[in-house]
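Since this is a predicted model, take the numbers as computed values, not measurements.
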Amino acid sequence: MAEAIELKAWARGRTGTGGAREVRREGRVPGIIYGGKDEPQNIALETKEISKQIQTGHFQSTIFMIDMDGTKIRVIPRDVQLDPVRDFPLHVDFMRLAKDAQVTVDVPVHFHNDAASPGLKRGGVLNVVRHDIPVRCPADSIPESFEIDLTGLEIGDSIHISSVKMPEGVVPTITDRDFTIATIVGQKAEESEEEAEGAETAEGAADEDEDKEDKDEEKKE
């Protein structure tokens, strides 16, 4: 388990569009901390530091310790709004984490040993259906990634969630099927596999709606 990353923050008095613009002119990102028994708290954070954390690729599955004038608040990002043109952060939502809190997060998948896959060596292609796996787990035990070994895989082989070893306390949020994470396809099969991927994408959209409901429930808590 990685240690919580500390972020410096300041209380933000003025809210609304005008207040947010004022914060951004100061080189900071407006945000909010919600959840738990305390009232929501409006904050501002350094834009450079938030941008740096977003660029890691696992910002929303990372635990942070917000430092506000010496008061430490353990949180996890729940939503990030980015400028559609310049791609810089406009607003960040954080959820407070109580002791033993459970969270729903998307954990990235990493693939290794391409050269040890006979299918890939013969010209096959790794068709990644899911780059992230949604899981439910203790906030203190969020996996940094799931590592998948491609050794021995042939064209036509598929990697399903059942073949991924989950740490103790970590469970997939999709439990009604053994969903596909990736397949090894031949060059001629790419078109049909893309269609299958499109079906999985639509399936994934439905799963995201389920995850959103879970997160909405967390927000109410």
Side-chain angles (χ1 to χ4, degrees), residues 1-5 52-64 76-80 97 101-215 218:
M1 178 192 70
E3 292 186 9
I5 297 173
K52 173 185 172 182
Q53 295 300 330
I54 291 174
Q55 289 169 9
T56 64
H58 47 80
F59 178 64
Q60 288 184 254
S61 61
T62 300
I63 304 299
F64 293 94
I76 186 170
R78 294 284 78 176
D79 188 47
V80 182
L97 292 176
Q102 293 274 329
V103 294
T104 299
V105 294
D106 292 331
V107 177
V109 178
H110 297 158
F111 299 91
H112 302 284
N113 296 326
D114 300 45
S117 164
L120 293 178
K121 289 176 72 174
R122 291 193 294 111
V125 177
L126 177 64
N127 179 48
V128 180
V129 179
R130 287 181 177 272
H131 294 275
D132 304 277
I133 297 175
V135 299
R136 182 81 174 170
C137 63
D140 291 328
S141 303
I142 299 174
E144 291 188 11
S145 63
F146 291 119
E147 309 299 318
I148 294 180
D149 189 353
L150 301 175
T151 299
L153 295 185
E154 293 279 3
I155 290 174
D157 286 345
S158 296
I159 303 162
H160 296 92
I161 186 61
S162 58
S163 65
V164 178
K165 185 177 180 180
M166 296 275 168
E168 184 178 354
V170 179
V171 295
T173 60
I174 304 169
T175 58
D176 61 344
R177 61 189 182 279
D178 189 16
F179 59 85
T180 302
I181 298 171
T183 58
I184 306 292
V185 300
Q187 295 288 350
K188 292 182 180 179
E190 281 190 84
E191 281 189 24
S192 59
E193 286 294 333
E194 285 175 3
E195 291 175 4
E197 183 176 353
E200 278 284 348
T201 300
E203 199 174 75
D207 297 334
E208 287 177 7
D209 290 338
E210 292 179 8
D211 292 342
K212 185 177 185 300
E213 290 178 6
D214 289 338
K215 291 175 182 177
E218 290 175 349

[atom2] on [Y] to [atom1] on [X], rounded to 0.5 Å:
X      : Y      : atom1 : atom2 : value
Ile76  : Leu97  : CD1   : CG    : 6.0 Å
Asp114 : Leu150 : CG    : CG    : 5.5 Å
Ile181 : Ile148 : CD1   : CD1   : 4.5 Å
Leu126 : Asp157 : CG    : CG    : 11.5 Å
Ser141 : Gln102 : OG    : CD    : 8.5 Å
Ile133 : Met166 : CD1   : CE    : 5.0 Å

Full working for side chain to side chain contact (heavy atoms under 4.5 Å, CB included) between Ile159 and Leu153: CA-CA 9 Å; Ile159 303 162; Leu153 295 185; 3.7 Å; yes

Partner residues of Thr56 under the side-chain contact (heavy atoms from CB on, under 4.5 Å) criterion, sequence neighbours left out: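 Residues passing side-chain contact (heavy atoms from CB on, under 4.5 Å) with Thr56: Gln53, His58.
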
His160: side-chain contact (heavy atoms from CB on, under 4.5 Å) partners, not counting sequence neighbours: Ser158, Ser162, Asp178, Thr180

Which pair of non-hydrogen atoms, one from [X] and one from [Y], has the smallest distance, and what is that distance?
X      : Y      : result
Glu154 : Ile184 : O-CB, 3.3 Å
Phe146 : Pro167 : CE2-CD, 4.1 Å
Cys137 : Val170 : CB-CG2, 3.7 Å
Ser61  : Val105 : CB-CB, 4.0 Å
Ala4   : Phe64  : CB-C, 4.2 Å
Val128 : Ala182 : CA-CB, 4.1 Å

Working for side chain to side chain contact (heavy atoms under 4.5 Å, CB included), residues Asp132 and Gln60: CA-CA 12 Å; Asp132 304 277; Gln60 288 184 254; over 6 Å; no

Steps toward side chain to side chain contact (heavy atoms under 4.5 Å, CB included) verdict (Ile161, Ile174): CA-CA 10 Å; Ile161 186 61; Ile174 304 169; over 6 Å; no

Criterion side chain to side chain contact (heavy atoms under 4.5 Å, CB included) on Val129 and Phe179, from CA distance to verdict: CA-CA 10 Å; Val129 179; Phe179 59 85; over 6 Å; no

